[in-house]
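Below you'll find the structure, written out as structure tokens, and then a few comments.
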Protein chains: 2
Amino acid sequence: MTSAPVHAADTRERILEAATRLFTERGFARVTVRDITSDAKANLAAVSYHFGDKLGLYERVLEIGLRSAQQMNTETILPREGHTPEECLRHYVREYLPRIVRSDDRGWIFQLLKHEMSNPTAVARSYVRGAIMPGIEFLTGVVGDLLGEASTPERVRRCTTSIQAQCLFFLPDPFKSMVMPDFQPSTDEAIREMADHIAEFSLAGIRAIAAQRRGPRVRPR
Amino acid sequence: MTSAPVHAADTRERILEAATRLFTERGFARVTVRDITSDAKANLAAVSYHFGDKLGLYERVLEIGLRSAQQMNTETILPREGHTPEECLRHYVREYLPRIVRSDDRGWIFQLLKHEMSNPTAVARSYVRGAIMPGIEFLTGVVGDLLGEASTPERVRRCTTSIQAQCLFFLPDPFKSMVMPDFQPSTDEAIREMADHIAEFSLAGIRAIAAQRRGPRVRPR
DNA sequence: AAGTGTATGAATCGCTTGTTTGAAAGTCAA
DNA sequence: TTGACTTTCAAACAAGCGATTCATACACTT
């Protein structure tokens, strides 16, 4: 009895929620177990009890993120048969970009993986391929179709990279937004406009590459 | 006399060199004072003695990097009068990209600043504007010229962002190269080809944006 | 009511971190 | 040689970290 135990039995869930949010914001290394448990209003030892250790908790968060990313891929990737490559590209960017810009329930996994870039944990490797490779492979196919007869593996790779780079640039970033705040779209409208821009900009770029003669390599200027 | 004291009086320089390399590789937080001093074959207390504290050493490294970045800007930025916008853009990307890809003596400051993105130190803010704003402003002017009569502030900003995004994507990154190694050019030849690609891809993209009618906004599809 | 397994809590351990200390060793002018 | 000053060094300090311990409180079966 005493004074109403907080034993809500969902301590584990509260820790997971707090960990997901904090890991997403700051990455693995810059979040302490004390941060998580105090945020989740749980005891320090609860992490060890429920998840073995801090890394076990992190892996659990990654697992959940991977599932959400796979769900996302089903929404950004249009069936190639029944849609033109142009439609596929426009749809992909328009669905992809909002999830990159806003790290909400659907896009937080990308921000979390971004922290892995500067601070790799080695656990993320396996999760990554499942999360982002499908999108890359889809884009690769679409770009190959768009290049048509001018397609070469190098050209496909370079064009795909150009598109990916333009999208991933918008992963939230305290430093970038500090340095050049104007370049980060904030409203839904601005995000949609940026997505349309990337699609049209890239379609024109791909067409220009496709128009170059094949062979040793055209070197302008 | 005795056995040749290591007192080479350049302890301070050795620490600066080691710190520059280690901070560039791992960022401020993931380098310890012990890492630096052991690498520089100096005593642990030498950092406090010569630079006050770890942050003072970091600021000193940033100062040096800022000067190297300003030097770099004079090499990537072509005088606008006397060169066509196309020439300016191609020259910029071709000079810029190698310094991004290879973090050698000329480009390490960008990699160092990249760590600030996920792990801001608050000291870097002032250094950043001096290092990267000139390039952005130059690109903004070039893109404005290329858009010509179709130019609007939003279009200029979006096109400039597309170019910057394609370049900055190639900042070295243990995680990215782990996930998609094929997308990181390694040889000088591959880097040059990628730079040419970005220039032509972007020029075509800009022309396509310029060809859109002005006004409320063309929404394709 | 007693017993069993699960979950929580406060305290503590062992380790790494940045920083400080005070002595020793060097340099150099008088 | 003396004496003041600068630089190096080993050792220690205080704080923060992840992890562990062990007693306690709960839920549930018998």
Classify the nucleic acid contact of B/A46 as base, sugar-phosphate or nothing, counting any heavy atom under 4.0 Å across all strands shown. nothing
Between A/R30 and A/E25 (salt bridge meaning N to carboxylate O under 4.0 Å), is one present in this structure? no
Distance in angstrom units between A/L55 CG and D/dA19 P, rounded: 8 Å
Between P of D/dC17 and CD1 of A/I36, the distance in whole Å: 12 Å
Using atom CZ of B/F28 as one end and atom P of C/dT17 as the other, report the distance to the nearest whole Å. 13 Å
Any base atoms under 4.0 Å from B/S48, or only sugar-phosphate, or nothing? Heavy atoms, all strands. base
Has B/H50 got a side-chain N or O lying under 4.0 Å from the OP1 or OP2 atom of D/dT6? no
For B/S162 and A/H197, test the side chains for any donor-to-acceptor distance below 3.5 angstrom and give the result as yes or no. yes
So if I take every side-chain heavy atom of B/V33 and compare against C/dT8, D/dT6, C/dG18, which nucleotide ends up nearest? C/dG18
Whole-Å distance, A/K41 NZ to C/dA10 C1', equals 19 Å
Is it the case that D/dG16 (base atoms only) and A/R34 (side chain only) share a donor and an acceptor within less than 3.5 Å, ignoring hydrogens and angles? no
Please answer whether the main-chain N or O of B/F28 pairs with a side-chain N or O of B/K54 as donor and acceptor at a distance below 3.5 Å. yes
Against the side chain of B/L44, the closest entry in C/dG9, D/dG18, C/dT19 is C/dT19
Just how far, in rounded Å, is C1' of C/dT8 from OH of A/Y49? 9 Å
Distance check needed: C/dT19 C1' versus B/Y58 OH, whole Å only. 20 Å
In whole angstrom, what separates A/D10's CG from D/dC26's C1'? 15 Å
Check every atom of C/dT20, D/dA19, D/dG18 against the side chain of A/D53 and return the nucleotide holding the closest atom. D/dA19
Rounded distance in Å - CZ (B/R12) to P (D/dT7): 10 Å
Taking the six-membered ring for Trp, are A/Y58 and A/F23 parallel (under 30°), tilted (30 to 60°) or perpendicular (over 60°)? perpendicular
A/N43 or A/D35: which one's nearest nucleotide on DNA chain D is closer to the 5' end? A/D35
Mutual orientation of the aromatic rings belonging to B/F138 and B/Y92 [parallel < 30°, tilted 30-60°, perpendicular > 60°]: tilted
